[in-house]
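Here the structure is a predicted model, which is why all the values come from computation and not from measurement. Basis for what follows: all heavy atoms, side chains included, without hydrogens, waters or symmetry-related copies.
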There are 2 protein chains.
Amino acid sequence: MSAVDLTTHPGHLARRLQQAHHLLWTTMVSEEITSPQFGVLNALTAEPGLDQRTVGERVGLDRSTIAEVVSRLSRRGLLDKVRDPGDGRRFLLRLTDEGARTHRKLTVRTARMNQVFLAPLSAEEQALFLALIRRVSDAAEGLRAPEEPASTGPS
Amino acid sequence: MSAVDLTTHPGHLARRLQQAHHLLWTTMVSEEITSPQFGVLNALTAEPGLDQRTVGERVGLDRSTIAEVVSRLSRRGLLDKVRDPGDGRRFLLRLTDEGARTHRKLTVRTARMNQVFLAPLSAEEQALFLALIRRVSDAAEGLRAPEEPASTGPS
DNA sequence: ACACAATAGTCAGTGCACTGAGTAACTCGG
DNA sequence: CCGAGTTACTCAGTGCACTGACTATTGTGT
């Protein structure tokens, strides 16, 4: 006994929400390009020539995951990856023409998909919904780095 | 140009939310047992002897994923898996003593973790937050099965 | 009883996500 | 200039998640 109601657990609901989103994405946007991959295309549309780590930061992918996503996109010819001549550690990423075209095409579809996804909510609820998720995520993200502020303390 | 603001995309935010949750879970609840695994323990606490497919349904895991999760839990001795004598296709699942103990222990910690996770929101906002996620997920889930009602139409 | 459909589960393949260990390249203090 | 630390990336290992193909069992209709 003493089982818990999972529908009051934000983690469980977050997982279900992502599953629901994945379902809509594959049917309404693309079966080839995933949502994180679109995020990378989008980041490189905004800032071409970004290095791999920074792209990961923009999209919310850690160093290992961004490497895999980038290698898939590059294998499909959607982006180019070249060593930074000024810093031999970095890889600079840039969309190919086809990458840019793919991004344009998917942008339209994602907009439609987001509308359908959020359709059960009123306009105010939609804004509130997004704001609440952002606040919770940002707060938890903040717990990761202990912040060590430029100490005004002793020594 | 014409890049999009990902912070207005519910899919992106859902993914970030789950990452944030994962971070808190591993630090505050357990590094061994994952959130989906806890879901399975919880379902079997509520309804011991459930078959594998139904457990997956309760927790929101498809047939392939529930198989993997169950095999991990069974390998660690947290549950037993036996053929249903009445239906040779089914496996019936039941927690071991250690499985039940683990569930009890983690229940306390998940409650604490959920508090921390939702701490940035007021009590009303928390309730609203959970309700909104549920509504969006349920609605998208409903789009999966086309519903084909017991047709009153022509033969 | 026998063929056909439906159901429970497995398996292979792909993709996201995190950790920890390792490598190459840069930076900074002496 | 040179050694120590930092940074960007890779690689191996684990785990969740979905699809599509396959097997075994059960259930149904005639």
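Between the CD atom of A:Gln52 and the OG1 atom of A:Thr54 there is a distance of 10.0 Å, given to the nearest 0.5 Å.
The pair A:Glu98-A:Arg76 does not meet the salt-bridge criterion, since no charged nitrogen lies less than 4.0 angstrom from a carboxylate oxygen. Using a cut-off of 4.0 Å between Lys/Arg side-chain N and Asp/Glu carboxylate O, A:Asp84 and A:Arg89 are scored as not salt-bridged. A salt bridge links A:Arg58 with A:Glu47: the closest approach of a Lys/Arg side-chain nitrogen to an acidic carboxylate oxygen falls below 4.0 angstrom.
Taking atom CD of B:Glu68 as the reference point, atom P of D:dC18 lies 11 Å away to the nearest angstrom. Following rounding to the nearest Å, B:Asp84 (CG) and D:dG27 (P) show an atom-to-atom distance of 10 Å. Distance, B:Arg83 CZ to C:dG9 C1': 7 Å, rounded to whole Å. Rounded to a whole Å, the CD1 atom of A:Ile66 is 14 Å from the C1' atom of C:dG15. Whole-Å rounding puts the A:Phe91 CZ to D:dA8 P distance at 13 Å. For the pair B:Arg89 CZ and C:dA5 P, the interatomic distance rounds to 16 Å; values are reported in whole Å. If you measure from atom CD of B:Gln18 to atom P of C:dG15, you get 19 Å, rounded to the nearest angstrom. We find that CZ of B:Arg90 is positioned 8 Å from C1' of C:dA8, with the value rounded to whole Å.
Between A:Leu17 and A:Ile133 there is a side-chain heavy-atom pair separated by less than 4.5 Å.
Each of A:Gly88 and B:Arg53 has a nearest nucleotide on DNA chain C; the 5'-most of these lies closest to B:Arg53. Where A:Ala67 and B:Arg76 meet DNA chain D, the nucleotide closest to each residue was compared, and A:Ala67 sits on the side nearer the 5' end. Looking at which nucleotide of DNA chain D each of B:Gly86 and B:Gly60 is closest to, the 5′-most match is held by B:Gly60. Of the residues near DNA chain C, B:Asp87 and A:Thr34, the one whose nearest nucleotide (by heavy atom distance) lies more toward the 5' end is B:Asp87.
Between A:Lys81 and D:dA8 there is no side-chain N or O to OP1 or OP2 distance below 4.0 Å. Remark: B:Arg63 is not in phosphate contact with C:dT10, judged by side-chain N or O atoms under 4.0 Å from OP1 or OP2. Between D:dC18 and A:Gln19, a contact under 4.0 Å exists linking OP1 or OP2 to a side-chain N or O.
The base of D:dT10 has none of its N or O atoms less than 3.5 Å from a complementary donor or acceptor on the side chain of A:Ser64. For C:dC18, its base never sits under 3.5 Å from the side chain of A:Thr65 at any donor and acceptor pair.
Which of C:dG15, D:dA17, D:dC9 sits closest to the side chain of A:Arg15 comes down to D:dA17.
Counting non-hydrogen atoms under 4.0 angstrom, B:Leu61 reaches the backbone sugars and phosphates but no base.
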